[in-house]
Protein chains: 2
Amino acid sequence: MVRTIDGDARRKLLADTVWGLLRKGGLEAASVRAVAKEAQLSAGSVRHFFSTQDELHVFAMDELMQRTADRVEEAMREAGTAYSTSQPAERNLNQVRAGLHQLLPIDDESTANFQTHLQFVVKAVIHQPLQATARDSYLRLQKFYEDCIDRLVHSGAAAEDLDPHKAAQQLAVVIDGLLLRRLTAPELVSTDDVIAGLDEHLSNLHPEASP
Amino acid sequence: MVRTIDGDARRKLLADTVWGLLRKGGLEAASVRAVAKEAQLSAGSVRHFFSTQDELHVFAMDELMQRTADRVEEAMREAGTAYSTSQPAERNLNQVRAGLHQLLPIDDESTANFQTHLQFVVKAVIHQPLQATARDSYLRLQKFYEDCIDRLVHSGAAAEDLDPHKAAQQLAVVIDGLLLRRLTAPELVSTDDVIAGLDEHLSNLHPEASP
DNA sequence: CTCAGACTAACACACCTGTGTTAGTCTGAT
DNA sequence: ATCAGACTAACACAGGTGTGTTAGTCTGAG
């Protein structure tokens with residue numbers, strides 16, 4: 001090895017650059033040249049790390065999904081320690097809530113992230129190279145939702161006669177709906193509405209819920 | 001007037017062409033030349049009716065939204081006559097259900113429509129010229145949802161102590177969520193799931209609902 | 001000190017884009 | 001029959017795109 005720049009760091013920097021351009025102008029704005037310019041590199045340099053534009057885009061999408069997953073995991077761990085002295089039921093509920101909050105646009109940073117996310121997944125519907133990543137992402141998410149429901153049921157925060165599969169689906173629908181609406185109709189749905197929407201849904205799972 | 005081709009028909013034909021290209025390749029695939037070719041016209045001809053690309057795209061989006069609104073209205077009218085001999089409560093419920101079904105991808109045709117729809121609204125998030133249309137569309141939809149809740153409450157299909165605004169929001173979230181999930185994760189959400197998801201939500205509004 | 005090879009920069013190619021311009025063709029009211 | 005003007009077609013311009021190629025620069029192991 002000679003003259004070894006940290007390739008992984010470079011790749012991640014470029015992924016980050018793609019996110020910014022994508023959020024502001026769609027995937028088409030994240031051209032090789034535009035990314036290079038934004039990252040203060042030459043086009044040749046970018047293409048040294050990603051020999052193809054699709055490769056760059058796929059990597060950027062993968063990376064974004066991974067980051068989100070990491071954030072969820074960390075938020076749950078944090079909530080775990082924060083409520084380490086609480087009852088398991090309360091701890092579980094708060095962990096789930098903390099994890100799910102990471103999947104919603106609730107502040108400027110997460111809104112920016114999910115704007116990028118949305119552009120990616122919607123593009124993936126019609127752009128083949130992105131489909132595998134999109135598929136991985138939603139399969140993983142589905143598992144996560146099922147895990148959340150599991151935790152809620154086992155800790156008494158959700159009725160035991162719940163159909164876990166159905167409940168996970170509904171949870172996914174609510175989260176995706178809140179996401180899409182917050183991003184496309186921001187005048188009608190505030191970040192507070194988003195949080196309230198999720199919390200409402202969760203509290204309706206409580207066995208003693210519903211008047 | 002001389003040599004007057006039906007301009008409105010031409011415009012609608014071109015809008016239709018845009019939908020097809022958009023659904024398959026995103027807004028960027030609906031270039032002036034591509035649209036012209038697909039519609040078997042020359043580029044100059046297209047630009048005679050739309051002097052700018054944005055104008056064409058905006059018109060196409062407007063038209064799509066209008067068509068959807070028309071379908072909703074007609075479905076409700078149909079349901080009204082179909083249940084004209086029923087109790088008002090039952091008629092109202094079925095009208096609402098029929099209208100809302102028009103806002104979901106439940107068969108090949110509606111799936112295609114909403115693929116186009118989704119591409120439009122997500123592009124509108126970052127593409128200024130489309131924003132006014134998107135805004136009109138979601139404001140109109142919001143009113144429609146509130147109207148639906150109203151009907152349900154007044155006909156006893158929904159609890160009277162419901163917060164109408166909140167209920168309309170939740171309805172919107174469920175519908176948008178089902179839409180996004182069906183289109184981005186078709187393996188996880190079938191068209192039947194979509195219908196079931198909506199019906200479940202509606203039946204949970206019933207005053208005597210919840211065990 | 002050397003030099004393989006990781007990295008960068010620059011150019012070329014073929015193609016597509018929106019838009020402006022300009023000349024032509026056809027039609028229906030006069 | 002004429003002719004204004006709605007419509008069409010074709011070209012040009014300036015710029016952007018992905019990608020291939022090729023020559024150069026820098027560095028750390030030997």
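Contacts of B:T191 classified as side chain to side chain donor-acceptor pair (under 3.5 Å), with partners at least two apart in sequence or in another chain: none. Remark: A:R67 engages A:E63 in a salt bridge (charged side-chain N to carboxylate O under 4.0 Å, His left out) (not counting sequence neighbours). In this structure, B:R10 has no salt bridge (charged side-chain N to carboxylate O under 4.0 Å, His left out) partners at least two apart in sequence or on a different chain. Applying the side chain to side chain donor-acceptor pair (under 3.5 Å) criterion to B:H127, with sequence neighbours excluded, gives B:D54.
Pair assignment for C:dA12: D:dT19, on the basis of Watson-Crick or G-U wobble contacts that are both within less than 3.5 Å. When Watson-Crick and G-U wobble pairs are counted only if both distances are under 3.5 Å, D:dC26 pairs with C:dG5.
Heavy atoms of A:S51 sit nowhere under 4.0 angstrom from any nucleic acid atom.
Following rounding to the nearest Å, A:F49 (CZ) and C:dT8 (C1') show an atom-to-atom distance of 10 Å. The distance from atom CZ of B:F50 to atom P of D:dT8 is 13 Å, rounded to the nearest whole Å. At whole-Å resolution of the value, CG in B:L13 and C1' in D:dC7 are 15 Å apart. Counting to the nearest Å, the C1' atom of C:dT19 and the CG atom of B:D54 are 12 Å from each other. Atom CD of B:E55 is separated from atom C1' of C:dG20 by 15 Å (rounded to the nearest Å).
The side chain of A:R47 places an N or O atom within less than 4.0 Å of a non-bridging phosphate oxygen (OP1 or OP2) of D:dG20. Contact between the side-chain N/O atoms of B:H48 and the OP1/OP2 oxygens of D:dC7 is found at a separation under 4.0 Å. Distances shorter than 4.0 Å separate some side-chain N or O of B:R10 from OP1 or OP2 on D:dT8.
The salt bridge (Lys or Arg N to Asp or Glu O under 4.0 Å) contacts involving residues 18-42 of chain A comprise A:E28-A:K123, A:E28-B:K123, where partners must be two or more places apart or lie in separate chains.
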Under 3.5 Å, sequence neighbours excluded: what are the donor-acceptor pairs made by side chains of residues 138-146 of chain A?
{"from": "A:Y138", "atom 1": "OH", "to": "B:E187", "atom 2": "OE2", "distance (Å)": "3.1"}
{"from": "A:R140", "atom 1": "NH1", "to": "A:Q66", "atom 2": "OE1", "distance (Å)": "3.4"}
{"from": "A:R140", "atom 1": "NH2", "to": "A:Q66", "atom 2": "OE1", "distance (Å)": "3.3"}
{"from": "A:Q142", "atom 1": "OE1", "to": "B:R181", "atom 2": "NH2", "distance (Å)": "3.0"}

Output side-chain donor-acceptor pairs under 3.5 Å for residues 93-100 of chain B, partner residues at least two apart or in another chain, one line each.
{"from": "B:N94", "atom 1": "OD1", "to": "B:Y83", "atom 2": "OH", "distance (Å)": "3.3"}
{"from": "B:N94", "atom 1": "ND2", "to": "B:E90", "atom 2": "O", "distance (Å)": "2.9"}
{"from": "B:Q95", "atom 1": "OE1", "to": "B:R151", "atom 2": "NH1", "distance (Å)": "3.1"}
{"from": "B:Q95", "atom 1": "NE2", "to": "B:M76", "atom 2": "O", "distance (Å)": "2.9"}
{"from": "B:R97", "atom 1": "NH1", "to": "B:D199", "atom 2": "OD1", "distance (Å)": "2.9"}

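Within residues 16-33 of chain A, the residues that place at least one heavy atom under 4.0 Å from DNA chain D are, in residue-number order, A:S31, A:V32, A:R33. In the region residues 36-46 of chain A, proximity to DNA chain C at under 4.0 angstrom, judged on heavy atoms, holds for A:S42, A:G44, A:S45.
Separating the CD atom in B:Q119 from the CG atom in B:L130 is a distance of 12.0 Å, to the nearest 0.5 Å.
Residue A:R11 places its CZ atom among more than 12 non-hydrogen atoms of other residues, nucleotides or ligands, all under 6.0 Å distant.
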